[in-house]
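Scroll down for the structure; my scribbles are underneath it.
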Amino acid sequence: MPDLLIVGAGPAGLSATNKAGQLGLDCVVVDENTSAGGQYYRQPPVAWANDRPSDRLLRGRAKIERATAAATFRLGCAVYGIDAEHRIWLDQDGSVERVEPACVLLATGAYDRPVAFPGWTLPGVMSAGSAQALIKSQQVRPGARAVVAGSGPFLYVVALELLHAGVHVIEVIEAATVRSALPFLPDSMRYPARLAELVGYALPLLRAGVRIRRGAMISSAGGDQRLEEVRVRPVRSGANDPPLERVIDADLLCVGYGFAASTELAQLAGCTLAWDRGLQQNVPAYDEWQATSADGVFVAGEASGLGGAPVAECEGELAAIGVARHLGRISDAGAQRMAEPIRSRLRRLRRFASLLPRLFPAPPELAELARPETIVCRCQNVTFERALEAVTHAGATTLNEVKTTTRCGMGWCQGRICGGLLPSLLAQRAGTGFDPASGFTARNPVRPVQVSSLAAIGRVEPSDHGGPGPDHP
Ligand SMILES: Cc1cc2nc3c(=O)[nH]c(=O)nc-3n(C[C@H](O)[C@H](O)[C@H](O)COP(=O)(O)OP(=O)(O)OC[C@H]3O[C@@H](n4cnc5c(N)ncnc54)[C@H](O)[C@@H]3O)c2cc1C
């Protein structure tokens, strides 16, 4: 069995692999994607010749090449289960395997935070990250006339990628305003290169005639069979005035109000969680070596909080040093020496990362948008009204109690969508009593798998194969 199993081949996992290789650790890297790189270094299929690859693509390629020489890579392979003894279940094309590495690094990244508004389930409405993945890994143009709505630099990145893919980007609807950002500008000025990077995304959009509206947000999406129009409103209006809406004809709406950390495996491994105020989510707590409270389980990158790719890379390196120290392959003094320059870089990077949610907060007004008939759990077709009634009529105070009353969170996505949007929505709309910090209890399997794979992890006996479907609790 390997010294270290790394789950996730994004920036955090790749940096950890390269450092682990330098330290002589026997390392296996698993990623459910068929290519390494994660979100930041997402690679197009090899068959696509690219005459002018971007700097980021080239850097990613170099890191991947180094990492694949340093470890065994298992791509297209999902970790669908883990337990408190960190026994790990892998599923590759329906074939199941259990591994028991000496240590595990969870570098599972983040995913787009969903927002429920009228029309959000219409074809043509998607998360900003999905639009990016369609362009970068499928070479699919996700629409012809696009509105990109949300908050933060990622909006501009995606708008630019849409533009380069030949989509007519009509407007970028940014919730933040220059005024709301003003108190944080003096601190931001200490990072001129990062600010220049942000401006570098916005300028080509303005030059291409893309309108950028600040202080506005999505209100609803409409259309018969698919998206035809997008309604936008000011984030704030007068105390008694209903917000004035504008209608934009579009067939693509990309929504990006931030990310949510993928914490299911950390929860199942028994890691202690801590409340992250910026993310409004519980994330695994970790020490100076990225070690969690569960013995031999480490975490790095956006699985434990948002900071961007450079932060994820530093954390990955620190985790690899931490694992070598934990296994007694290097002395404590040696580990401290190696870690010091990484930590000092990380401190600076984290200071900038902590400014971003203050410069570009997701507006609390998003919780005003869901109507009684708006679907909040797409897998189980649960409406907002039903989820709300679970709190106001049935007295649910936690997300698990809403789940048992309504079946939300029991479907294919295992609550990744409704679990990301319901806590703040219910806390704001249901009045007192509902705990916004409550989340779903994570359950194996964390990915949809065949029933035979469930048997391997002990959820059903082999004789039960004709029994519960994949959406059974
Ligand atoms: C949709 C999306 C798009 C983004 N695009 C950008 C961008 O363009 N620019 C930017 O600066 N930042 C972007 N970010 C932010 C970005 O996530 C990071 O800064 C960076 O990629 C984080 O690195 P990471 O290694 O922590 O996670 P990731 O890069 O997300 O890598 C995590 C990896 O873990 C794998 N994984 C997760 N769970 C499992 C499992 N159970 N089994 C097997 N494998 C698993 C995933 O497939 C993924 O490859 C994006 C984030 C998201 C969610």
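When a ligand or atom number is given, it counts from 1 through the structure's own listing order. Heavy atoms only: backbone and side chains are in, while hydrogens, waters and symmetry mates are out. Starting from 1, each residue takes its place in the sequence as its number.
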Any heavy atom of Y41 under 4.0 Å from ligand 1? The part involved is neither
Taking only heavy atoms of C77 into account, list the atoms of ligand 1 that are under 4.0 Å away from them. 43 (C)
As an exercise, identify every atom of ligand 1 less than 4.0 angstrom from a heavy atom of F154. 3 (C), 4 (C), 5 (N), 6 (C), 7 (C), 8 (O)
Counting only heavy atoms closer than 4.0 Å, does ligand 1 sit against the backbone of E315, its side chain, both, or neither? neither
Can you confirm if the NZ or CZ of R378 lies within 45° of the ring axis of W412 and under 6.0 Å from the centre of its six-membered ring? no
Using the six-membered ring of Y41, assess whether NZ or CZ of K63 lies under 6.0 Å from its centre and within 45 degrees of the ring axis. no
Enumerate the atoms of ligand 1 whose separation from the nearest heavy atom of A110 is less than 4.0 angstrom. 30 (O), 53 (C)
Answer yes or no: does an N/O atom from Y111 fall short of 3.5 Å to an N/O atom of ligand 1? no
Who's the nearest protein heavy-atom neighbour of atom 19 (O) of ligand 1, and how far? A309 N, 3.0 Å
Quick one: list whatever passes salt bridge (charged side-chain N to carboxylate O under 4.0 Å, His left out) with R56, sequence neighbours left out. none
Short N or O distance, L265 and ligand 1, threshold 3.5 Å exclusive: no
Show which atoms of ligand 1 fall inside a sub-4.0 Å distance from at least one heavy-atom site of D112. 1 (C)
Near G8, which atoms of ligand 1 are under 4.0 Å from a heavy atom of that residue? 33 (C), 34 (O), 35 (C)
Give a yes or no on whether R350 atom CZ has more than 12 heavy-atom contacts from other residues, nucleotides or ligands under 6.0 Å away. yes
If you measure from the Lys or Arg side-chain nitrogens to the Asp or Glu carboxylate oxygens, is any gap between E171 and R211 under 4.0 Å? yes
Using the rule given for salt bridge (Lys or Arg N to Asp or Glu O under 4.0 Å), can you reason through E264 versus R416, listing the C-alpha separation, both sets of side-chain angles and the distance that settles it, and then say yes or no? CA-CA 9 Å; E264 308 92 327; R416 278 162 75 87; 2.7 Å; yes
Crowded around D55 CG? As in, over 12 foreign heavy atoms under 6.0 Å? no
Ranked by distance from atom 27 (O) of ligand 1, the top protein heavy atom is G109 CA, 3.2 Å
Salt bridge check, D3 against R329: does any charged N sit closer than 4.0 Å to a carboxylate O? yes
Counting each atom of ligand 1 from 1 as listed, which ones have a heavy atom of A107 under 4.0 Å away? 32 (C), 33 (C), 34 (O)
Taking side-chain hydrogen bond (donor to acceptor under 3.5 Å, both in side chains) as the test, write out the residues that go with R447, two or more places apart. E32
Distance to 0.1 Å, residue and atom name: give those for the protein heavy atom nearest to atom 7 (C) of ligand 1. R56 NH1, 3.6 Å
Give a yes/no on ligand 1: does P11 have at least one heavy atom closer than 4.0 angstrom to it? yes
Which ligand 1 atoms are under 4.0 Å away from a heavy-atom of A312? 23 (O), 26 (O)
Salt bridge flag under 4.0 Å for residues E340 and R347: yes
Lys/Arg-Asp/Glu bridge criterion (N-O < 4.0 Å) met for E288, R343: yes
protein heavy-atom neighbour closest to atom 38 (N) of ligand 1 works out as R447 NH2, 3.2 Å
Do R74 and Q92 pass the side-chain hydrogen bond (donor to acceptor under 3.5 Å, both in side chains) test, and can you show the C-alpha distance, the side-chain angles, and the key distance before you say yes or no? CA-CA 9 Å; R74 304 270 309 262; Q92 187 141 30; 3.2 Å; yes
Quick one: nearest non-hydrogen protein atom to atom 10 (C) of ligand 1, plus distance? Y40 CD1, 3.3 Å
Distance to 0.1 Å, residue and atom name: give those for the protein heavy atom nearest to atom 16 (C) of ligand 1. E302 OE1, 3.4 Å
Are any side-chain N or O atoms of R325 and backbone N or O atoms of I330, one a donor and one an acceptor, separated by less than 3.5 Å? no
So which protein heavy atom does atom 35 (C) of ligand 1 come closest to, and at what separation? D31 OD2, 3.3 Å
Only heavy atoms count here, so choose which of E32, Q132, E264 is nearest to atom 39 (C) of ligand 1. E32
Please work out which of Y80, Y201, F259 has its closest non-hydrogen atom nearest to atom 14 (N) of ligand 1. F259
Would you mind listing which atoms of ligand 1 come within a distance below 4.0 Å of any non-hydrogen atom of N33? 47 (O), 49 (O)
If you measure from each non-hydrogen atom of V157 to ligand 1, which part falls under 4.0 Å: side chain, backbone, both or neither? side chain
